J.: 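Dropping a structure here in structure tokens format, bear with me for questions.
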Amino acid sequence: MWLEIRLKPAEIVPCGTIFVGVHNTCPNGTIFVFYASPSPRSSWIDIISVIDSNQIVGLRKSRSSSSSSWTTRAQELLRRRLILEDDFTWKIPTTTTTTTTTTSSSLEDEAEDGKKLLMLRYVGGVDLSFSKDDPSMACAALVVLDLQADATLNVVYHDFTLTHLHIPYIPGFLAFREAPVLLDLLDKMKRDSNPFYPQVHAKLMVPFVGFGLACHLGVMADLPTIGIGKNLHHVDGLTQSGVRKLLEAKENCAEDLITLTGCSGRVWGAALRSTRGSLKPVFISVGHRISLDTAIKVVKLTCKYRVPEPIRQADIRSRSFLQKNQGVIKKECD
DNA sequence: GCGACAG
DNA sequence: ATCTTGTCGC
């Protein structure tokens, strides 16, 4: 539900559009406010808390003390709930190189306290594709892959939503644009009690930054999440060319992996050359309820190609679904 | 201060 | 993100 206010040039400079409303990326008791300025650089997003119907508190984004990036109050509220350590009940399969038919490559294992530990099996992935003709039209995809012992990475579930996105892309605020429809897809799957729902022994992979989409979705859906980026969002002194240089320097090292530490000393994630042939790395960050080390292990397990398979499949399938169906949608609108 | 910036 | 053509290599 949205209230859209179009401002006249006299009211604010530069003039733009303010959206106010409830939003499924909002913590309870809060309202989403989004100002889309003609210049994306000066757009902002925030969530305000509601005291009663007439009073509101809190406003505007604030400068994060730990880095050079901007965060909103919304992101700060969600960050309080973020868990940065492993917090799940499953076990990670051994890497493919060591899976020499361990006769009982068992799907269960005994934990120290006697509890059964399930092997990680269902890994989710999400992505959005956009229409060329109508940039506001998008197809969101959720896929779940089966991470069997033979590592075939079969897609066992997929679902799509065609939608219109009224919130523009602003670096640092991607989650406000893409999280709502992805949360809907997850909710639908959970409501249906789908056996492949990536809840207990699974993960969802999404692009990231700071408190980015992966963290945002992870907290909102209460799922362990990993952030995957094909490009690096430049924060805290980190640049893609800088990372490239570091990787070149490590050219002959065994591990094609570097930790991304910003000028502030904060560790933002890792850059990994996931395929032997790829010069360009993928960028990994923790989302929710997972450590960076574990996140990297899971990414390695799901990399048939440069981009981890859950993300790749979500990307491919969302694009083809959009191309098959946007014509149908257009006809309906006539 | 300005510019850089996931998709 | 989106649009392309060809091209190289297994």
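Hydrogens, waters and symmetry mates are skipped; everything else that's a heavy atom, side chains included, is used. Predicted model, so just to flag it, every value in this text is computed and none were measured. Per chain, numbering begins at 1; letters A, B, ... match sequence-line order.
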J.: As a test of your reading of the structure, name each stem of DNA chain C as range with range, where a stem is three or more consecutive Watson-Crick or G-U pairs at under 3.5 Å.
T.: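 DNA chain C forms no stems at all.
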
J.: From the list B/dA4, B/dA6, C/dT4, which nucleotide is the closest neighbour of the side chain of A/Lys132?
T.: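 For the A/Lys132 side chain, the nearest candidate turns out to be C/dT4.
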
J.: Name all residues meeting the side chain to side chain contact (heavy atoms under 4.5 Å, CB included) criterion together with A/Leu257; count only those two or more places apart in sequence or in a different chain, and write none if there are none.
T.: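 Result, side chain to side chain contact (heavy atoms under 4.5 Å, CB included) vs A/Leu257: A/Glu255, A/Ala270, A/Leu272, A/Ile296.
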
J.: Holding to side chain to side chain contact (heavy atoms under 4.5 Å, CB included), I want the full list of residues that pass it with A/Ser136, two or more places apart in sequence or in another chain.
T.: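 Side chain to side chain contact (heavy atoms under 4.5 Å, CB included) check on A/Ser136 returns A/Asp134, A/His164.
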
J.: Report yes if at least one side-chain N or O of A/Asn231 is closer than 4.0 Å to OP1 or OP2 of B/dC5; otherwise report no.
T.: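 No.
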
J.: In whole Å, what is the span from the CG atom of A/Leu217 to the P atom of B/dG7?
T.: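 About 15 Å, once rounded to whole Å.
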
J.: I need the NZ-C1' distance between A/Lys230 and C/dT2, as an integer number of Å.
T.: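 In whole Å, C/dT2 C1' and A/Lys230 NZ are 12 Å from each other.
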
J.: Regarding B/dC5, can its base be found pairing with the side chain of A/His233 as donor and acceptor, where the two atoms are less than 3.5 Å apart?
T.: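 Answer is yes: a donor-acceptor pair is held.
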
J.: Is any NZ, NE, NH1 or NH2 atom of the basic residue among A/Arg81 and A/Asp222 found under 4.0 Å from an Asp or Glu carboxylate oxygen of the other?
T.: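 Result for this pair is no, no salt bridge flagged.
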
J.: For A/Leu128 and B/dA6, give me the distance from atom CG to atom P, rounded to whole Å.
T.: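 Taking atom P of B/dA6 as the reference, CG of A/Leu128 is at 16 Å.
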
J.: What residues, two or more places apart in sequence or in another chain, satisfy side chain to side chain contact (heavy atoms under 4.5 Å, CB included) together with A/Leu322?
T.: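 Per chain and number, A/Leu322 pairs via side chain to side chain contact (heavy atoms under 4.5 Å, CB included) with A/Ser129, A/Ser131, A/Met137, A/Cys139, A/Leu162, A/Gln326.
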
J.: Let me have DNA chain B in dot-bracket notation, would you? Count Watson-Crick plus G-U wobble pairs, both distances under 3.5 Å, and use [ ] for pairs crossing earlier ones and | for inter-strand partners.
T.: .......

J.: Got a sec, which residues hit salt bridge (Lys or Arg N to Asp or Glu O under 4.0 Å) with A/Asp184, two or more places apart in sequence or on another chain?
T.: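 Partners of A/Asp184 under the salt bridge (Lys or Arg N to Asp or Glu O under 4.0 Å) test: none.
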
J.: To the nearest angstrom, how far is A/Phe211 atom CZ from B/dC5 atom P?
T.: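 Going from CZ in A/Phe211 over to P in B/dC5 covers 24 Å.
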
J.: How are the rings of A/Phe160 and A/Phe321 set relative to one another: parallel (under 30°), tilted (30 to 60°) or perpendicular (over 60°)?
T.: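 Ring orientation of A/Phe160 relative to A/Phe321: parallel.
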
J.: Out of C/dT2, C/dC3, B/dG7, which has the shortest distance to the side chain of A/Tyr169?
T.: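 The listed nucleotide nearest to A/Tyr169's side chain is B/dG7.
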
J.: Under the side-chain hydrogen bond (donor to acceptor under 3.5 Å, both in side chains) test, which residues partner A/Ser320, sequence neighbours left out?
T.: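 Partners of A/Ser320 under the side-chain hydrogen bond (donor to acceptor under 3.5 Å, both in side chains) test: none.
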
J.: In whole Å, I'd like the distance from the CG atom of A/Asp133 to the C1' atom of C/dA1.
T.: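 Taking CG of A/Asp133 and C1' of C/dA1, I get 14 Å after rounding.
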
J.: Whole angstroms only, please: what is the CD1-C1' distance between A/Ile311 and C/dA1?
T.: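 Going from CD1 in A/Ile311 over to C1' in C/dA1 covers 14 Å.
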
J.: So, using salt bridge (Lys or Arg N to Asp or Glu O under 4.0 Å) as the criterion, who are the partners of A/Arg317 when residues are at least two apart?
T.: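 A/Arg317: no salt bridge (Lys or Arg N to Asp or Glu O under 4.0 Å) contacts found.
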
J.: Taking OP1 and OP2 of C/dA1, is either one under 4.0 Å from a side-chain nitrogen or oxygen of A/Arg319?
T.: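 Negative; the distance criterion is not met.
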
J.: Taking CG from A/Leu260 and C1' from B/dC5, how many angstroms apart are they, rounded to a whole number?
T.: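 Taking atom C1' of B/dC5 as the reference, CG of A/Leu260 is at 15 Å.
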
J.: Find every protein N or O atom lying less than 3.5 Å from an N or O atom of nucleotides 8-10 of chain C, and list the pairs.
T.:
none

J.: Taking the six-membered ring for Trp and the single ring otherwise, decide whether the centroids of A/Phe283 and A/His233 are under 6.0 Å apart.
T.: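 Ring centres of A/His233 and A/Phe283 not closer than 6.0 Å.
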
J.: Would you please name every residue forming a salt bridge (Lys or Arg N to Asp or Glu O under 4.0 Å) with A/Asp159, sequence neighbours left out?
T.: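 Here the qualifying residues are A/Lys188.
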
J.: Which pairs with one or both residues in residues 166-177 of chain A pass salt bridge (Lys or Arg N to Asp or Glu O under 4.0 Å), sequence neighbours excluded?
T.: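 The answer is none; no pair qualifies.
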
J.: CZ of A/Phe173 versus C1' of B/dC5: gap in Å, rounded?
T.: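 Going from A/Phe173 (CZ) to B/dC5 (C1'), I get 11 Å.
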
J.: For A/Lys230, give me all partners under salt bridge (Lys or Arg N to Asp or Glu O under 4.0 Å), at least two apart in sequence or on another chain.
T.: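 A/Lys230: salt bridge (Lys or Arg N to Asp or Glu O under 4.0 Å) contacts with A/Asp315.
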
J.: Quick one: is A/Ser129 getting a side-chain N or O under 4.0 Å of the C/dT2 phosphate, OP1 or OP2?
T.: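 Checking A/Ser129 against C/dT2: at least one side-chain N or O falls below 4.0 Å of OP1 or OP2.
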
